[in-house]
Every structure is written in structure tokens, then in C-alpha cells.
Enquirer: 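Here it is: the structure, laid out below.
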Amino acid sequence: MIKELRFNEFEEFAKNHPLSNHYQTINYAMLMTEYDYDYDLIGYYESNELKAASLIVFKNITNFKKYGYAPRGFLVDYLNPHLLERFTKELINYYQKKNIVFIKINPELPVNEIDNNTKNSTCNKNIIAKNYLNDFGYFKLKDNLYFESRLPRYAAFINLKEYDENKLKKNTRNKIKRAENKGLSYEIVQNNGIDVLFDFIKKKRDKDSIYYKHYYNVFKKTGNVDIFLIKVNYNEYLNNAKLMYEQELEINGELNKNLIENRTTKNINKKMESDKKLLAYKNDVLEATKGSKTIGSKYIAGALVVKFNNRIDIVVSGYDTKYKRFNANYFLHNSIINYYKDSYEILDMNGMTGDFSDKNPYSGLNNFKLGFNPKIYEFIGEYDLILKHSTYKKLYNNGTLARALNKTDEKELIQFN
């Protein structure tokens, strides 16, 4: 049977479930209430034993019809067909009486792992859940390669206990080192840091700063959120730039002597490379001197991070594109990893795309995350459990469903038989 759970009942079950995540929390429910959603915390019992549970949020499609959404899916064993079938039937019976037209799910259930180098995918045992969901009345929505769905279908995870900066891709290591040389440091700030962070992320998503303040506040109540800001200190930047310029100037002098004595192609190339570095360090000294005299320091990147059980989720991150050459995004992620690696096990770097070609408009994002050697997973995708088929089809055909979900392309997402 289905019954509503008390806060403590839901929290106890959720935190111990293999599919637990910060979207299936009371905190996230509180966030959604700020945006006109109602919510239920439901549990499914067999012989007085709690077998499955879920946060489900609800919103109006019309004045009298609602849809439900279980963010990151129900907390149920999708590989147990008997349990999944019984749970689904009870769920349908329970919510059909409440004018719920359908319930949307997007389980955090990985079905494929993508090789970091070859980009080939290898399916795992979870793939069978696709058959079970299809058999029990869940309609599969169109898979996406980019970020068309509510939550990413591809994600990058880092095992914090195995993280070794020395084993990162060379390009990533170099960019972290360059960032350190430019006087970058991190700070963990309070709610007022959202306004600073928002300047770095406002073009990435259709959310305003109030949304992220709500996000911060609801998770701050249980101490499960941090705001990271990355700052450039121009005095430190100047000291580093002067030191590197002086060191390279000495190297350049030695290379010049070698070139006079032995003008080989190898020596010419070494001298030319040193000249480039010398010019770059000189420009750094000039830039750092100006910054030191005018502003002293400046925030140039940041992230909102949620902590849940043994994992860390980067909800959103960004950097000031005017300071792209400071490699602040690399420094930010490396700082987050090092800060949490002794206390947590997994870091979710958040979404990637399923298109690993150079033509992908998000190839820069993909390559950035791949540089940290994460595990790349493809989740099972988005499904609708339709409770009222004729109503669903009518709302779909007249465009009401698309407007309710804020999707102009809803008709591309599902195919009716």
C-alpha cells in the first residue's frame, strides 16, 4: 500500500537507499514550494515493511489537473520487476483519485559507462530496467544529447578517495599550475556570495539570483551547502610574476650563450620558446602591477555545492570570461575536490553531453571535465507514468502540456503508439 510518510520516516529511508541523492530530500521539496509546487513524501509498504519511497512534487497543468514529478526518480529497486510492478500499480491507484494526469521521473540509474579515451560506451546490468519500465506503463521520452531535459542524462563523477592531481591530463595539470601562479585562492562564503556567483552563471541558465538564494537557504538549514568563490590577489600575482620573469630571464641568458656557441635548430627552438615565456611573464608583471595599484583583488569564479551523505554535487559553477586565461574554472574544481576529499567519497561534476565530437557546441565543457579523469555515466533517461491516458493525449495534442512544462518542443519528446 501507498501512504504518506513523516519527515523522519522519509529521511531515514532516503539516506540509506542506494539511489539516494539531494533531489530526493525535504530540502529540495522546500525549494520547489517557492515555485508553486505542492509535494508528497510517499512510501510503499509490503507486510508493514517500507520497500520504496519518493518525494513527488506537483504543479497545475490546468485549474483542475496536475502533473507530478519525482526528481531523479523514485527510490525503488528498478531491477526488481515484481517490486517495481506492484509499486507502480499502487502508485497509479493512489494518484488517479487525485486528478494527477502523469508523474515524470528521470532516475539516477546509470545504464552505460563511457570510456574517457575512446568515448565508447559499455552497458551494465541496469539496462534491463528499460524493459521493466516499458512493461509496466512508463512512456519513454526522447533521449537527448545535450541539456534538453530537466536534469542532465550524462554526468561526470570523481572518486575523491582516488583523486591524484599528478595523474590528471597534462593540459589540466598545467592550467591548474598556471592558475596558482596568478595568485588565485578560494573562499567559502555565506548567502551574500550568491550575488557575486550569479554574475558568473547568469548566462548559463534561465534562473534568477533569487532561485539560487532559495537553493542555498533551504540546504543551509541542515548545513548541507557551501558557496565557493575564487579570488585573484594581485599582490601575490605580482610577486609570482616577478619571480618567474627573473627565473626565465636567467634561463634566456644561458640559452643565448649556447646559441652563440652552437647555432643548431634545437638551440634556436629553445631560445624562441624562452622568448615567448619571457614576453608572457613580462605582460603578467604589467597586468599584476596595474591590478595591485587599482583594485587589489577580484572574484572571478564560483560554485554552489550541495553535500549529501557521502557525496558532493556541484549544482552550478561559472567564471568571468574576461579572465579566461587565468584558468579559474580549473582552479575552482581542483580546490573543491581537495577541500572535500578527506570527508566525502564522490563528487558529481554535474552534466555533460552525449555528443563527444568536435562539432558539439558544448565540446569545451566536455573536454574540461574529461581533463579531471572522471567516470562518465549515461543515465536511463526521462519517463512519464501516465495515469489518465485520454487527458494526457488531449493536453499533449493541444499544446497545453508543452506550455505547462515550459517546453516548446514537447511534441518531439514522446511518441504515441
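Being a predicted model, the structure only gives us computed values, none of them experimental. Here, residue 1 is the first one in the sequence, and each next residue gets the next number.
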Enquirer: Would you mind reporting whether Asp115 and Ser121 have side-chain heavy atoms less than 4.5 Å apart?
Expert: no
Enquirer: Ignoring hydrogens and angles, state whether a donor on the side chain of Thr264 or Asn262 is under 3.5 Å from an acceptor on the partner side chain.
Expert: no
Enquirer: So, Asn126 and Tyr78: side-chain donor and acceptor under 3.5 Å apart, yes or no?
Expert: no
Enquirer: Are the ring centres of Phe219 and Phe308 closer than 6.0 Å?
Expert: no
Enquirer: Would Asn360 and Thr353 count as having a side-chain donor-acceptor pair, cut-off 3.5 Å?
Expert: yes
Enquirer: Can you classify the ring geometry of Tyr339 versus Tyr186 as parallel (below 30°), tilted (30 to 60°) or perpendicular (above 60°)?
Expert: perpendicular
Enquirer: Does a donor on one side chain and an acceptor on the other come within less than 3.5 Å for Tyr95 and Asp40?
Expert: yes
Enquirer: Quick one: does Ser20's side chain have a donor or acceptor within less than 3.5 Å of a partner on Asn16's backbone?
Expert: no
Enquirer: Donor-acceptor pair, Lys298 side chain versus Gly296 backbone, under 3.5 Å?
Expert: no
Enquirer: Is it the case that the side chain of Asn256 and the backbone of Asn252 share a donor-acceptor pair, with hydrogens and angles ignored and the cut-off at 3.5 Å?
Expert: no
Enquirer: Please find the pair of heavy atoms, one from Tyr344 and one from Lys307, that lie closest to each other, and give the distance.
Expert: OH-CD, 3.5 Å
Enquirer: Looking just at side-chain N and O atoms, do Thr222 and Asn224 make a donor-acceptor pair shorter than 3.5 Å?
Expert: yes
Enquirer: Is the shortest side-chain N to carboxylate O distance from Asp348 to Arg311 below 4.0 Å?
Expert: yes
Enquirer: For Lys290, I'd like to know if atom NZ has over 12 heavy atoms of other residues, nucleotides or ligands within 6.0 Å.
Expert: no
Enquirer: With heavy-atom distances below 4.5 Å as the criterion, would you say the side chains of Glu108 and Tyr377 are in contact?
Expert: no
Enquirer: When you measure from the side chain of Lys161 to the backbone N and O of Lys341, does any donor-acceptor pair fall under 3.5 Å?
Expert: yes
Enquirer: Suppose we call two aromatic rings close when their centres sit under 6.0 Å apart. Are Tyr212 and Tyr216 close by that rule?
Expert: no
Enquirer: Between Asn367 and Ser363 (side chain of the first, backbone of the second, donor and acceptor by atom type, cut-off under 3.5 Å), is there such a pair?
Expert: yes
Enquirer: What about the rings of Phe87 and Phe74, do their centers lie closer together than 6.0 Å?
Expert: yes
Enquirer: With a 4.5 Å heavy-atom cut-off, do Leu160 and Glu345 have their side chains touching?
Expert: no
Enquirer: Find out whether His333 and Ser317 are in side-chain contact, i.e. whether some heavy atom of one side chain is under 4.5 Å from a heavy atom of the other.
Expert: yes
Enquirer: Can you see whether Tyr44 engages Glu46 through a side-chain donor-acceptor pair at a distance of less than 3.5 angstrom?
Expert: yes
Enquirer: Evaluate the side-chain proximity of Pro107 to Arg72: yes if any heavy-atom separation is below 4.5 Å, no if none is.
Expert: no
Enquirer: On a heavy-atom basis, which atom in Leu79 and which in Ala129 lie closest, and how many Å separate them?
Expert: CD2-CB, 4.0 Å
Enquirer: Taking the side chain as C-beta and beyond, is there a heavy-atom pair between Tyr163 and Asn338 under 4.5 Å?
Expert: yes
Enquirer: Got Ile194 and Ile227 here, is their nearest side-chain heavy-atom distance under 4.5 Å?
Expert: yes
Enquirer: Side chains of Asn159 and Lys375 only: does a donor on one sit below 3.5 Å from an acceptor on the other?
Expert: no
Enquirer: With the side chain counted from C-beta on, respond yes when Ile376 and Leu370 share a heavy-atom pair under 4.5 Å apart, and no when they do not.
Expert: yes
Enquirer: Determine whether a donor-acceptor pair (N or O, by modelled atom type, separation under 3.5 Å) exists between the side chain of Glu9 and the backbone of Arg6.
Expert: yes
